[in-house]
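These notes concern the structure reproduced below.
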There are 2 protein chains.
Amino acid sequence: MSVDSVRQPPSGPRAELKRQAIVRAARELFLRDGFGVGMDVIAAEAGVSKVTVYNHFGSKEALFTAVITSALDEPLGHATSAALEELAEAEDLRTALIDAARAWVHAVRTNEDVIALRNLVAAEQHRFPELGHAWQGHGPEGHHPAVAGALRALADQGRLAIPDLEAAIIQLYALLVFPHMVFSTYGAHVEDGLTDRLIVSGVDMFLGYYSPQRQ
Amino acid sequence: MSVDSVRQPPSGPRAELKRQAIVRAARELFLRDGFGVGMDVIAAEAGVSKVTVYNHFGSKEALFTAVITSALDEPLGHATSAALEELAEAEDLRTALIDAARAWVHAVRTNEDVIALRNLVAAEQHRFPELGHAWQGHGPEGHHPAVAGALRALADQGRLAIPDLEAAIIQLYALLVFPHMVFSTYGAHVEDGLTDRLIVSGVDMFLGYYSPQRQ
DNA sequence: CATATGAACTCAACTGTTCAGTTCAGCCAA
DNA sequence: TTGGCTGAACTGAACAGTTGAGTTCATATG
């Protein structure tokens with residue numbers, strides 16, 4: 001008499017293992033071949049039957065959102081936001097900011113899977129309008145509060161003069177991470193040397209403009 | 001005895017009209033619904049028979065590349081690069097650069113179709129690998145030479161001190177146009193007021209850093 | 001007993017083609 | 001100017017062939 005009009009996903013130790021394998025395979029294949037890959041292929045890559053995939057996720061869309069939301073919970077920020085929070089207590093602001101920027105940009109560049117996923121979401125925004133918004137919250141705006149907090153703290157200390165916090169945040173993003181995001185849209189990426197030159201001179205430019213001692 | 005193994009597309013005044021209607025409709029629908037739209041729908045939107053579409057373009061891929069390459073030849077730069085070239089002769093560099101930036105950003109923001117198309121190409125890069133490269137050449141790098149030329153001229157005049165031209169170009173892009181590109185990836189866009197504040201303070205920041213009189 | 005499997009199946013959507021007939025512009029003859 | 005001729009381009013509808021999502025079911029496994 002088990003009348004499940006909506007069958008609930010399997011649970012248990014074995015099921016969890018399969019589930020992870022499926023998500024991992026799906027992520028890899030979505031990334032490599034786009035949303036167009038067949039469910040057969042994904043199932044095969046996960047070493048799993050297609051039926052199992054459907055027992056777990058119910059639909060391709062659900063699987064896709066599972067991939068995305070699982071990627072949403074990824075690091076990319078622990079070391080980074082830690083470095084950001086230490087800014088307020090740093091003696092040498094410039095060096096500290098450069099270090100934080102290096103950690104930040106490094107996180108963005110090494111997890112370029114995440115950027116690629118972002119492009120995927122953007123690409124499939126017609127099919128998943130809600131995902132686009134979910135992504136906005138956790139995207140760069142994920143540490144938006146961290147960046148905002150750090151800048152505000154520095155402003156309160158009088159170590160920076162920031163009349164327009166909103167603009168300043170965007171400018172910091174723009175100088176440091178946007179280039180990598182834009183380039184990756186074409187599948188291209190910035191060379192290591194240029195990346196570091198952008199970080200150093202970007203920080204100097206930012207500090208030069210927002211330092212209180214100028215005039 | 002006309003043995004055309006490959007039928008050549010129709011020519012003539014009427015054909016040209018239809019052709020334009022098809023490309024326009026295709027562009028609009030690709031933009032709105034992604035590459036997934038059916039040829040039926042495109043034909044209907046163009047007020048044209050599906051067969052006509054195939055007589056003209058032969059395949060969906062060909063139609064897509066036609067849409068893209070036609071978008072590649074679009075303005076987005078005439079007024080902008082003109083303003084950029086006048087920079088070298090301007091008396092008040094700051095005002096001139098702000099004006100040029102306004103024209104530039106305005107072009108980017110009004111033709112946001114072009115940015116959306118860019119996302120489409122990025123999305124469909126698996127299907128059209130060659131398009132991705134064609135797009136790179138005409139993307140922001142389209143006026144890359146114009147920007148590079150303007151900055152180099154100003155440096156030669158001694159009005160700017162630019163030790164790293166490559167970085168400076170990217171930074172100018174980053175401060176002025178990248179925010180709009182990144183935001184539009186989510187379907188979001190920067191408000192008017194913030195846009196102008198970003199332009200003005202971005203230019204000031206850039207000039208502050210690259211002006212020779214500092215130190 | 002819950003979960004996983006594989007193979008065969010349904011169903012819908014989409015690309016691309018065929019074909020018999022229609023529109024339309026230009027042209028020539030009266 | 002009129003009227004009809006010609007041929008290229010267009011139409012509508014039906015059709016073929018494929019692909020891929022999602023289901024069913026009998027069976028296996030731990």
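These figures come from a predicted structure and were not determined experimentally.
- The shortest distance between the side-chain N/O atoms of B:His56 and the OP1/OP2 oxygens of D:dC10 is below 4.0 Å.
- Atom-to-atom, CD of A:Glu16 to P of C:dA2 comes out at 18 Å; the value is rounded to the nearest Å.
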Any protein N or O atoms within reach of nucleotides 21-26 of chain C? Criterion: under 3.5 Å, listing atom names and distances.
none

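- Straight-line distance from the CZ atom of B:Arg19 to the C1' atom of D:dA8: 16 Å, rounded to whole Å.
- Residue A:Asn55 contributes atom CG, which lies 19 Å from atom P of C:dC1 at whole-angstrom precision.
- In this entry the distance linking CZ of A:Arg127 with P of D:dG20 reads 13 Å, nearest Å.
- For the 3.5 Å distance criterion, the side chains of B:Tyr209 and B:Gln171 fail to qualify, holding no donor opposite an acceptor.
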Pairs under 3.5 angstrom, nitrogen or oxygen only, protein versus nucleotides 22-25 of chain D, please.
unit_1, atom_1, unit_2, atom_2, d
D:dG22, OP2, A:Tyr54, OH, 3.1
D:dG22, OP2, A:Lys60, N, 2.8
D:dG22, N7, A:Lys50, NZ, 2.9
D:dG22, O6, A:Lys50, NZ, 2.7

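- Side chains of B:Val53 and B:Val48 form a contact here, defined as non-hydrogen atoms less than 4.5 Å apart.
- With values rounded to the nearest 0.5 angstrom, A:Leu194 atom CG is found 10.0 Å from A:Ile199 atom CD1.
- Between B:Asp192 and B:Arg109, at least one side-chain N (NZ, or NE/NH1/NH2) sits under 4.0 Å from a carboxylate O, which counts as a salt bridge.
- For the pair B:Val37 and A:Val48, nearest-nucleotide mapping onto DNA chain C gives the more 5' position to A:Val48.
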Run the side-chain donor-acceptor check on residues 16-33 of chain B: report pairs under 3.5 Å with partners two or more places apart or on a different chain.
unit_1, atom_1, unit_2, atom_2, d
B:Arg27, NH1, B:Glu74, OE2, 2.6

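- Annotation: cation-pi geometry not satisfied between B:Lys60 and B:Tyr54 (NZ/CZ under 6.0 angstrom from ring centroid, within 45° of ring axis).
- The CZ-C1' distance, from B:Phe64 to C:dT15, rounds to 16 Å in whole Å.
- For the atom pair B:Gln125 CD and A:Asn119 CG, the distance stands at 9.0 Å (nearest 0.5 Å).
- At a threshold of 4.5 Å between non-hydrogen side-chain atoms, the residues A:Val108 and A:Val114 do not count as touching.
- Look at A:Thr52 and you won't find any side-chain N or O under 4.0 angstrom from OP1 or OP2 of C:dT3.
- For the pair B:Leu172 and B:Val177, the minimum side-chain heavy-atom distance is 4.5 Å or more.
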